Amino acid sequence: MQRPATLVQLTARRGQQPALAAAIWQRLQLNLPQPGHSTSDGAYTLIWIQPGGWLLQAPADIGNAFSVQLKSALAGIAAVVDQSHGKCVLQVSGLSTLEVFARCCRLDLHPRVFDAGRCAVTLVARVSCVLRQVDATPCFDLIVASTFEMWLLEELQEASHAFGSRFIPANAVVGM
Amino acid sequence: MPARIEPIADRYSAWRLLKEGISGNRGWKQAWRKPEPKARYDVVIIGGGGHGLATAHYLANVHGITNVAVVQKGPIGLGNGGRNTTIVRSNYLLPSNTRFYEYSLKLWEGLEQDLNYNVMVSQRGQLSLFHSDSERDAAVRRGNSMRIQGVDAVLVDGEAVRAMLPFLAMDNPMFPILGGLLQPRGGTARHDAVIWGFARAADRRGVDILEHCEVTGIRRDGGRVVGVETTRGFIGARKVGIAVAGNTSRVAAMAGLRLPVESHLLQAFVSEAIKPLINCVISFGAGHFYISQTDRGGLIFGGDLDGYNSYSQRGNLPLVERLMGVGVSMIPALSRLRVLRQWAGIADMTMDGSPFICRTLIEGLYLNGGWCYGGFKATPASGWCFAYTIAKDEPHPFNADLTIDRFLEGRMIDERGAGPNPWAQ
Amino acid sequence: MSVHRLSQGGHINRSQRLTFHFDGRRFFGHPGDTLASALLASGVRLVGRSFKYHRPRGIMTAGPDEPSALVELRERSRTEPNTKMTDVELYEGLQAWSQNRWPSLKFDLMAVNGLAGNIISAGFYYKTFMWPASFWEKLYEPLIRHAAGLGRATCLPDPDHYEAVHAHCDVLVVGSGPAGLAAARVAGEVGARVILCERDFLIGGGLLLDPAQESWRKEMIATLQGIRDVQILPRTNIFGYYDHNLLGGVEQVGDHVAEPHPHEVRQRYRTFRAGQVVLATGASERLIAFRGNDRPGVMMAGAALTYVRRFGVAPGKRAVVFTNNDSAYATALALAEAGLDGVVLADFRRENRLAAELRAHGVDVRFGIEVSDFGKDRVTLRTPSGGGDNVAADLLCISGGWNPNVHLASQSGARLSWDATLSSFVPGAPVQAERSAGAARGIVGIGEAARDGLAAGLAAANALGLGGGDIDFPLPAPEGPCAPLEPLWEVKSSGKAFVDLQHDVTVNDIRLAHREGFSHIEHAKRYTTHNMATDQGKLGGLVGAAILAEARGETLEKVGLPTFRPYTKPVAIGALAGGTTGERFQPIRRTALHGWHLRHGAVMRPMGAWLRPSYYPKAEETAWDSVSREARGVRQSVGICDMSTLGKIDLQGPDAATLLDRLYINSFSTLAVGQCRYGLMLREDGIAFDDGTASRLREDHFLITTTTANAAPVLEHMEFYAQTVWPELDVQLCSVTDQWAQIAVAGPRSRVTLAKVVEGLDLWAFRFLSVGEGHMAGIPLRVFRISFSGELAYEVAVPSRHAEIVWRAILAAGQEFGIVPYGLETMDLMRIEKGHLAASELNGQATAADLGVGRMMKKTGDFVGRVLSARPALADPGRPRLVGIRPIDSGKRLRGGAHLVSKPGSGRSLGWITSVTRSIELGQWIGLAMLENGEAMSGKTVHAVSPLHDEAIEVVVSSPHHVDPENVRVRN
Amino acid sequence: MLLIPCPYCGARPQDEFHYRGDATVKRPAPDAGLQALYDFVYTRTNPRGWHLEWWHHYAGCRQWVKVERNTLTHEIRTAVGPAEDTPQLSA
C-alpha cells in the first residue's frame with residue numbers, strides 16, 4: 001500500500017558531520033539540509049530528522065545494493081541503516097490538504113511558515129511521522145512507520161471525510 | 001479518652017434544624033472561631049487542609065492535647081481538600097498501604113457521629129475495571145491481598161459488570177472490559193464537609209484555627225524546633241507538624257529538608273447536574289479514568305497527572321482531550337453531557353507513589369506529605385496517625401513504613417512499579 | 001403570527017415557519033429564532049422549575065447566561081439534558097421537554113420544598129441525616145439524589161460525530177460585536193492572519209440590537225469576508241484560555257438542524273494557537289436581589305431588548321423596567337415602541353437626562369424608586385420614604401448594571417481590578433499576549449467600543465511586527481458619556497430574594513453562611529452552592545459577593561469573586577474528545593503479517609498499541625483446544641510465530657559495546673561478532689527494567705531486542721544515557737522495529753524446516769546464541785539461534801515487506817512436519833513451562849536477584865542500577881524470589897493473582913502467583929510465583945489461596961524451570 | 001498544550017515530548033557511593049518558580065532537551081540540547 005521508495009537513515013559518527021556532508025555531495029551532489037529542511041534533486045531527497053541525522057529518500061528501484069554501497073562508502077563516517085521496509089511514504093495533495101492536516105496535526109503548515117522543502121518530524125494522527133512539503137500546490141510527503149501505515153490511512157480518511165476526498169490505497173496517494 | 005466538651009446547644013441535629021428554621025436561623029454559631037494567635041502552643045500544625053485539621057482533631061480528642069494551633073496561609077480547605085474527586089476506598093495491593101487505608105475507611109465509617117457533622121460518606125461501591133488477562137491477574141492479586149488482610153473485595157466478571165452498568169462499552173477493540181474488582185465499602189464523601197467537620201470538631205475542643213497566617217520560617221534552636229515565623233508574628237511551639245499538600249517541598253525547605261517529592265498538576269472535572277446515572281465509583285484501567293456522581297447530580301471525573309512539575313493549579317488541554325476520549329470510549333452516553341467546570345490541584349508526588357507520616361531529622365518537627373493523588377481518602381487515618389506520631393514521638397504501626405528513609409534503605413512502597421518517576425506514579 | 005410576535009423588525013425570517021414541540025405541545029417559530037424567543041412569541045412564560053425549591057421559572061436571559069430556562073432537548077440517543085433554551089437555535093422539528101418537575105411543569109409536587117425553605121437553608125444537609133448511620137446510603141441519600149440533578153441523561157451511545165481541528169493565527173479575536181469586528185478588520189488589513197470567533201449564530205453582538213447600525217455591521221462582515229487571511233467562525237464559543245496562548249473552542253456545526261448532515265460533525269472541537277488575542281467578549285447584565293426576582297415574567301433588561309429588537313418578540317404585555325443605570329432606558333424605549341401598554345421605568349437613581357425622550361414615547365419614568373416585590377402580574381414599587389405603589393405588569397425587566405465578561409482574561413492569568421464606575425471587575429494587566437477591548441473592559445457605547453476594538457486590533461498586530469500605514473475605516477459615532485450607575489444589589493424585604501436562581505440561593509443563605517463563619521468568598525460559594533449551577537453565577541455572582549461584603553462590613557473589591565476556570569459555557573464531553581473515541585481511541589499498530597493472521601482465522605488480542613494473534617482456532621476448536629494443539633505442535637515438531645512486535649534497536653559506533661556494558665547488568669564488550677547474549681537492564685533505582693538479547697553484527701554494530709511493551713521506553717532510556725550522561729561516547733542509535741519482521745521457528749524440527757528455506761547459512765554449524773546472515777530468493781535474512789519456548793529454535797528477521805513471502809515459504813517447508821502457526825497464548829504457555837520472564841514478572845517491583853538472574857551481574861564496572869540495587873532491603877535474601885509452583889493434586893487449577901500462604905486462613909501473604917498455564921508437558925497446571933525465601937522453599941509445600949474465588953489449594957515449590965531445566969533442547 | 005521550544009525543531013506542542021523531570025541533578029561518578037546515587041535518583045529541589053527540566057522529544061528529533069520553565073506560570077525562557085549548559089538559573 002506504500003508509495004515505493006528506498007529510505008536510508010544516516011547518522012553521522014561523532015565529529016564526522018563534515019566528512020558525511022562531503023561524501024554525500026560527492027555521491028549525490030546534494031547538501032546536507034539544515035534542521036527543519038530538506039534538499040532534493042527530484043530523484044534523491046535528503047531530509048533532516050535529528051541532530052546529525054538524515055533520512056535519504058531514493059527511487060524504489062535502486063535496490064538493496066544502494067544501501068550496501070552507501071554503507072561501505074560511509075564506513076567510519078556515519079551509521080547507515082536501511083529503513084525502506086520500516087517506513088513508508090504517503091503523499092497527500094490537493095486543495096483541502098491543509099484542512100485535512102489541521103484535523104490530525106498540530107503544526108502550523110501555513111505557507112508563510114512552512115513552505116516547499118520544509119520538513120518536520122512530528123505527530124500526525126498521534127503517530128510520529130516525517131512531514132515534508134514537496135511543493136506548494138500543496139503536496140506533502142508523509143513518512144510513517146510501516147506498522148502504523150494502516151492506522152494513518154484510516155485517520156487521513158477520517159480527516160478528509162468532509163471534503164469528499166478520493167482515497168487511492170493502491171499507491172496511497174490521498175487527493176483532496 | 002477525655003470527655004467531649006461540646007455545648008449541647010451547638011450540636012447539629014434535625015430538631016435543631018427545625019427549631020432554627022422556625023426562628024430564622026439566628027442561633028447558629030460560627031462553625032469555627034476566628035481567634036488571635038497565642039504566643040505559644042504545645043503543637044502547631046502547618047496547613048489547614050483536611051490532614052492538618054484531622055490531626056488537630058485527633059490530638060485534641062484522642063490524645064488530650066488541646067493547646068494546638070492550625071495555621072493556614074489563606075482560608076482553610078481550599079487546597080487539595082477542596083478540589084479532589086471525593087473518593088474513599090482501601091483497595092490497595094501492598095500491605096503497608098492496605099492496612100493504613102483500611103483503617104482510614106473504618107474511621108470514615110464512623111466519622112459523622114464522631115464529628116457531629118454530616119460528611120456524607122456514601123459507600124456505594126468502588127469498581128476498578130480491567131481490560132486484559134494480565135490486568136485481571138493484577139486485580140486478582142490486589143483483591144486477594146485485601147481479602148487476606150480482612151478488607152472487602154469482590155471479583156466481578158464481565159457479564160456482571162454489564163448488568164450493573166449497562167451503559168458501559170464492553171467491547172472496545174483495544175480495551176474490552178473483562179470484569180472488575182469491586183470494593184463494596186468504597187465510595188465517596190463530601191470533601192468540603194470533611195474540612196468543615198474536622199475544623200468545627202477541633203475548634204470545639206479548643207484548637208485555634210488561624211486563617212490568613214502564612215508560615216514564613218521554621219525557627220530552630222540547635223537541633224530542635226521552637227516555633228514558626230508567620231505573617232501574624234512568631235508563634236512558639238514545642239512541636240511542629242507539616243501537613244501542606246502541594247507545598248511540602250517548600251515548607252520542608254524552611255527547615256533545610258530536601259525531599260523525594262515533585263509537585264504535579266492533577267485536573268478534575270464536573271459535569272452539569274443530571275438525574276442519577278452512575279451509582280458507584282468506576283475506574284478504568286484504559287488510560288486511567290475514574291468517575292462518580294455527586295448527590296447534587298454532577299458527574300465528577302478525573303485521570304492522570306498533566307505530567308510536569310507545576311504549582312500553577314491550572315491544567316492544560318492534552319490531558320483534557322485524552323480524558324474525554326477515554327470517558328466517551330468507555331461510557332458512550334457521556335458524549336452529549338456537558339462538562340461544566342475543570343480545576344486542578346497540586347499533587348505532591350513521591351518517588352514510589354506512597355506518602356510520608358514520620359518524624360524528621362529535626363527534633364520536634366514532623367512531616368505529613370507526599371500524598372500523590374490519594375490524599376483525600378487518607379484524611380482521617382492520616383490525621384489519626386500523625387497525631388499519634390506527634391503525641392508519642394514515635395510512629396504508630398500503621399505509619400511505621402511511611403518514612404523518608406525508606407528510599408535510602410530500599411523499602412519502597414511502589415504499588416504501580418513505576419519507579420522513581422513521579423509523573424508516572 | 002403568534003400573539004407576541006411583532007409585525008416587523010429583527011433578524012428573523014418571517015416568510016418561513018418552523019414547527020417545534022415543547023412538552024408535547026406544538027408551536028411555531030421562524031429561522032433566526034432561538035427556542036426561547038419562539039416560546040416567548042407564543043406567549044409561554046413558565047418553562048422550568050428550580051433545583052431545590054422547585055419554584056416556577058421563566059426565561060430570564062437571551063443567551064448562555066440563562067439560569068432557569070433549561071430543557072431536555074431532542075430525544076432518545078440524542079437527548080441533551082439541561083440545554084439552555086436561550087442558547088438553542090430553532091430548527092424544524094425541534095423537540096424539547098421541561099425538566100426537574102413531577103408530575104408536570106404546571107403542578108410540581110416537589111414545590112412543597114419551598115415551604116420548608118428556612119429549614120433547608122444553606123448547608124442544612126451537613127447538620128442532619130446522621131442518625132442512624134446506616135440510613136444515609138439506604139434512605140436519605142437516595143432521596144436527595146432523586147430530588148437533585150436536573151435533566152435526565154440517556155444511556156445510549158451518541159450517534160453523532162465530532163472532530164478536532166487545530167488552527168494557528170496571528171490574531172485571534174473573540175467576540176464579533178463592534179469591538180471584535182473593528183479589531184479583526186484592522187488586524188486583517190495590516191496583513192495579520194486573523195480568526196474571529198463568535199459564539200452566536202449571527203455576527204454582530206450588540207450591533208444586532210440597533211437597527212441604525214445594521215448597514216455598518218453588514219459592511220464590516222462583507223469587508224472581513226473579502227480579506228484572504230481572515231476567517232470568521234460563527235457558532236464557535238471559546239471555552240478556555242490555556243498556557244502559551246492556546247485557546248479552546250467548540251463550533252456547533254450541526255446543532256441547528258434536527259440531525260447533522262451525514263458527512264458533517266455535530267460539533268467541532270477547535271484549538272487556536274494565537275500570536276495575540278483580542279478579547280471582545282462583551283458584558284453581562286447583572287441581577288438585583290428582591291423578593292420575587294425569580295418569578296416567571298422577570299427578565300434581564302438587556303434580554304428584553306434583545307427579544308424586541310433581534311427577535312421581533314414582545315416578551316410581555318405590560319412592563320416595568322427596574323434599573324440603576326442608563327442601559328435599561330433602551331429597553332423601556334423598545335418596549336414602548338413595540339406597543340406595550342403603560343411601560344414604567346423605575347430608576348433607582350435621582351434623575352436622568354434620558355427621561356424626557358422616554359416620556360415623549362409614553363414611558364412612565366419614575367426616579368428614586370425600587371422594586372420590592374413581584375407577585376402575580378403585579379410589581380410593588382417602593383420609594384425610600386416608604387411610600388409604595390403597585391403596578392400591574394406581566395413583565396419585569398431588571399438591570400443592576402453590567403459586568404465585563406472577564407472570564408477568559410482571568411483564565412489567561414490576568415488579575416482583575418475593581419472599576420468603581422461600573423461597580424464591577426475589569427481585566428488587569430495581561431500576563432499572556434492578550435488584551436481586552438470594548439465592553440469586555442468596561443467601555444460603554446457602540447462607537448466607543450468600535451474605536452477601542454480598532455486600537456486593540458492594531459496594537460495586537462503591531463506587537464507581532466505587523467502594521468504601519470494608516471488603516472482607516474468608518475466607525476459608528478460615539479454615544480458620549482452616560483450618567484453614572486448607582487450600585488444597587490438588593491432591595492431588602494422579607495421573603496426569598498435570589499442571588500442564584502438555578503440553585504435557589506437567597507440573600508439569607510449568604511448571610512447565614514457568613515454568620516456561620518463561611519465568610520471567605522470561596523467558603524460562601526461552597527457552603528451555599530452559589531455560582532455552582534450551570535450558569536456559573538453569571539447573573540448573580542457579583543450580587544452574592546456584594547451581600548457577603550455587606551455582611552462582612554468590607555468592600556466588594558476586597559471580597560472579590562471565586563476563581564474563573566474553564567468552561568465559559570458548558571461543553572459537550574464528546575466534543576472535547578474530538579472523535580478520538582471507540583476504535584479511534586488510540587493508534588493501532590499492525591505487523592507485516594497482520595493480513596495473513598486475519599486470513600487464517602487468528603483471534604487477535606490487543607497488546608499495548610499492537611494487535612497480535614492470540615491463537616489460530618480451527619473449526620469447532622475451543623481456545624484451549626487450539627492452544628494445546630499449537631503447543632504440542634511446537635514441542636513435538638515445529639511451529640512458527642510472528643515475533644515482529646519485539647523492539648529492535650540498531651546500535652553502531654566504536655563505543656557501542658561500552659554503552660551496552662553500562663546499560664546491562666552483564667557484559668557485551670566480550671561478545672564475539674556473530675554471537676548473541678541474553679541481557680537484563682535495571683532502572684537506576686536497581687529494579688529490573690527490561691530483558692532481551694543483544695547480537696554483535698560487527699565489531700561496532702549491535703542489534704538489541706527489547707520486550708514488546710518496553711520497546712519505546714528502552715530506546716528512550718538508552719538515549720538518555722547516550723546523550724546526557726555519556727555524550728562522549730560515539731554511538732548511533734535507531735529503532736529498526738518496523739524495518740524487520742521477526743519470525744520464530746521453534747521445535748525439534750525447526751532446523752530441518754528452516755534449512756529448506758534459508759540459503760547461505762549452514763544451520764548445522766550454527767550454534768545456540770549465534771547470529772548470521774542468509775537469504776531466501778534474494779531476500780536478505782538475519783537468523784538468530786535463540787529460544788523463548790525452550791525448544792531448539794530460531795528467529796528469522798526479514799525486511800518487513802517480504803515477511804509474508806518468507807513466512808509462507810517456512811510454512812511450506814514445514815508442511816511435511818505438520819508445522820503449526822502459534823500465537824501469544826501458546827508462546828506464554830511455553831515460556832511459563834520454561835520459566836522465562838515476561839511482563840507479569842518484570843513488573844517494576846522486582847530486582848535481578850528476585851527474578852533469579854542476579855548471578856548475571858558483572859563483578860566490576862559501573863552499570864545503571866548497580867549502586868541502588870545494593871540497598872539493604874533490596875539485597876535482603878528474604879525478599880520474594882521467582883519460583884515455580886504446581887498443585888499437589890494435579891487435577892486442581894491455579895490462578896494468576898492467588899497468594900501463597902503457610903496455611904489457609906493465614907493473614908500473612910508470603911508471595912503471589914505471577915503467571916499460570918496448563919502445561920502440555922506436565923499435563924497439569926503450573927505457575928510462576930514470587931515467594932519469600934523462594935530458593936530455600938524449593939520442594940516445600942505452601943497453600944495458594946484466592947479468597948476472591950473461595951479457593952485454597954496445596955502447591956509444591958520448585959525451580960521456575962518446569963521443563964528442561966538443564967537447557968538441553970535449545971543446545972541440541 | 002504547552003509549546004516546547006526544541007532547540008533543533010523549533011516550538012513544538014507538548015504532546016511530542018515526554019516530560020522527564022529535574023535536569024539539574026547529575027549522575028555521580030560510579031564510586032561516589034550510595035548517598036550520592038540516592039540524591040541523584042530521589043532528592044529534588046522541586047522549586048516553585050524556575051525549573052530546569054528534561055523533555056524528551058520522542059516524536060520529533062529524539063533529543064533530551066533541557067528546558068527552563070516556570071512551575072508557577074508555565075512560562076519557558078530557554079531550551080538547550082542534552083549536553084549543553086543553560087545560562088545560570090536565577091529565581
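Please read these numbers as outputs of a predicted model, since none were measured by experiment. The sequence lines fix the lettering, A, B, ..., with proteins before strands; numbering per chain opens at 1.
- B:W196 touches chain C through its side chain: at least one heavy atom from C-beta onward sits under 4.5 Å away, while N, CA, C and O do not.
- Annotation: maximal heavy-atom pairing with chain B below 4.5 Å, among C:P872, C:A148, C:P566, C:G907, occurs at C:P566.
- The contact between B:R416 and chain C is made entirely by backbone atoms, counting heavy-atom distances below 4.5 Å.
- When each of B:G21, B:G297, B:S329, B:P332 is scored by its heavy-atom pairs under 4.5 Å with chain C, the top score falls to B:S329.
- Taking the six-membered ring for Trp and the full ring otherwise, the centers of B:Y12 and B:W28 sit less than 6.0 Å from each other.
- Put simply, of B:P173, B:A139, B:S122, the one with the most heavy-atom pairs under 4.5 Å next to chain C is B:S122.
- For B:V326, the parts lying near chain C are the backbone and the side chain together; criterion is any non-hydrogen pair under 4.5 Å.
- For B:S145, the parts lying under 4.5 angstrom from a heavy atom of chain C are both the backbone and the side chain.
- The choice from B:D352, B:L277, B:L334, B:N421 that makes the most heavy-atom pairs within less than 4.5 Å of chain C is B:L334.
- Of the atoms belonging to B:N25, heavy atoms from both backbone and side chain fall under 4.5 Å from chain C.
- Every side-chain contact (heavy atoms from CB on, under 4.5 Å) that B:S134 has, sequence neighbours left out, goes to B:S132.
- Residue with the most contacts toward chain C among B:Q123, B:M174, B:E321, B:E112: B:M174 (heavy-atom pairs, distance under 4.5 Å).
- In summary, the side chains of B:N316 and C:D243 do present a donor paired with an acceptor at a separation below 3.5 Å, with no hydrogens or angles considered.
- In terms of non-hydrogen atom pairs under 4.5 Å with chain B, the most contact-rich of C:H520, C:E80, C:R526, C:R152 is C:R526.
- Atom CG of C:D950 has 12 or fewer neighbouring heavy atoms from other residues, nucleotides or ligands inside a 6.0 Å radius.
- Between chain C and the residues B:L317, B:N172, B:D171, the most heavy-atom pairs under 4.5 angstrom are made by B:L317.
- Each of C:G844, C:G574, C:G897 has some count of heavy-atom pairs under 4.5 Å with chain B, and the biggest count is that of C:G897.
- B:E415 touches chain C through its backbone: at least one of N, CA, C or O sits under 4.5 Å from a heavy atom, while the side chain does not.
- Using a 4.5 Å cut-off between heavy atoms, B:I76 touches chain C through backbone and side chain atoms alike.
- When heavy atoms are compared at a cutoff of 4.5 Å, B:V339 approaches chain C by way of both its backbone and its side chain.
- Most heavy-atom pairs under 4.5 Å with chain C, from the set B:N279, B:L181, B:V121, B:D133: that is B:V121.
- With 3.5 Å as the limit, one finds a donor-acceptor pair spanning the side chains of B:R341 and C:Q536.
- Looking at B:L93, the atoms closer than 4.5 Å to chain C (heavy atoms on both sides) all sit in the side chain, from C-beta outward.
- Both the backbone and the side chain of B:I148 come within less than 4.5 Å of a heavy atom of chain C.
- Chosen from C:I913, C:V571, C:T580, the residue pairing most often with chain B at heavy-atom distances under 4.5 Å is C:V571.
- Salt bridge present: C:E825 and C:R605 bring a charged side-chain N and a carboxylate O closer than 4.0 Å.
- Heavy-atom distances place no part of B:E20 under 4.5 Å from chain C, backbone and side chain included.
- Contacts of B:M330 with chain C are absent, with no heavy-atom separation under 4.5 Å from either backbone or side chain.
- Side-chain contact annotation: B:R336 with C:S77, donor-acceptor N/O pair under 3.5 Å absent.
- Residues that satisfy the ring pair (Phe, Tyr, Trp, His ring centres under 6.0 Å) test with C:Y567, not counting sequence neighbours, are C:F239.
- The environment of B:H212 atom NE2 is dense: over 12 non-hydrogen atoms of other residues, nucleotides or ligands sit within 6.0 angstrom.
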